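Small disclaimer: the values here were computed from a predicted structure and weren't measured.
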Amino acid sequence: MESWFADARPIDSLEPEIAFHLRDEFDAAPDRPPEPLALPEFPRASRLLARSSEAVGHEAELAAYYGRVAALARQHALKPHQVRQYFWMALRLDNEEAGIHLSFPWYDTFSSMDHFLAAVAGHGEGLVYDDQDQGWAVEAWAHNGTLYIRESDPDSGDEPGQAVALPRAGLQARIAPLRERTARLMAYLAKELGPDAWLGGEVQAAGAFGLR
């Protein structure tokens with residue numbers, strides 16, 4: 001048992017969600033004014049985020065948005081790494097009632113997010129996940145049906161960060177449909193637009209939309 005378990009806030013559940021970042025402008029070059037980029041019109045809680053749960057049933061509209069990104073990239077002869085930010089995604093674990101919001105700021109592809117989701121959805125005990133990057137760290141522990149998750153800043157010294165304790169089974173039940181619908185969305189986008197630019201890494205993105 002870790003010492004911070006005793007201070008973890010007990011909550012009933014967390015709602016996991018993956019969203020696609022959207023942009024309403026396309027920046028072709030620093031010395032040029034940005035060009036308008038039409039957003040998908042399906043209903044969203046946040047104008048510049050398309051949650052996986054919101055995008056289901058609107059796959060064609062989301063694909064059309066990325067098609068516009070691809071067309072502008074080709075028009076300006078941009079390489080994949082120069083437009084990578086237009087395909088970023090976001091993972092969140094929220095409990096609105098409790099005011100808990102766990103974010104993963106360095107995860108911008110489904111593959112990076114799915115490492116965490118798969119670990120939590122599994123059946124391992126003890127430390128099931130641990131990662132950190134510049135000014136951010138997350139760890140997840142499983143013990144007797146309870147999941148302990150802490151998000152912190154490893155560079156802040158004694159700052160305890162944000163820690164929660166919740167029933168593991170409840171979060172596992174929510175993760176399964178999230179992984180399934182996100183995978184379906186990305187499969188649709190890849191089918192319509194070419195190799196998958198959302199899964200992760202330049203290898204997968206290199207041939208996306210005819211960009212080389």
For this session: Just jot down the side-chain contact (heavy atoms from CB on, under 4.5 Å) partners of Trp88, sequence neighbours excluded, or say none.
Result: His21, Arg23, Arg84, Gln85, Asp108
Problem set entry | With sequence neighbours excluded, residues passing side-chain contact (heavy atoms from CB on, under 4.5 Å) with Ala77 | none
Seminar exercise, completed: dist Leu166:CG -> Leu14:CG (nearest 0.5 Å) comes out at 5.0 Å
Exercise. From Arg168 CZ over to Ile149 CD1, what is the distance, rounded to the nearest 0.5 angstrom?
Worked result: 10.0 Å
Problem set entry | Tyr129 and Tyr107 aromatic ring geometry - parallel, tilted or perpendicular at 30°/60° bounds | perpendicular
Problem set entry | Residues forming a salt bridge (Lys or Arg N to Asp or Glu O under 4.0 Å) with Arg9, sequence neighbours excluded | none
For this session: Could you tell me whether Glu96 atom CD has more than 12 heavy atoms of other residues or ligands within 6.0 Å of it?
Result: yes
Exercise. Should Arg92 and Glu17 count as an ion pair when the cut-off is N to O under 4.0 Å?
Worked result: no
Problem set entry | Contacts of Tyr148 that satisfy ring-ring contact (aromatic ring centres under 6.0 Å, His included) - sequence neighbours left out | Phe5
Side-chain donor/acceptor of [X] to backbone N/O of [Y], under 3.5 Å:
| X | Y | result |
| --- | --- | --- |
| Glu192 | Ala60 | no |
| Gln172 | Gly122 | yes |
| Glu54 | Ala45 | yes |
| Asn95 | Ser13 | yes |

Exercise. Does any pair with a residue in residues 33-49 pass side-chain hydrogen bond (donor to acceptor under 3.5 Å, both in side chains), and if so which ones, sequence neighbours excluded?
Worked result: Asp24-Arg47, Glu35-His76
Problem set entry | Qualifying ring-ring contact (aromatic ring centres under 6.0 Å, His included) pairs, either residue in residues 29-57, two or more places apart | Phe42-His58
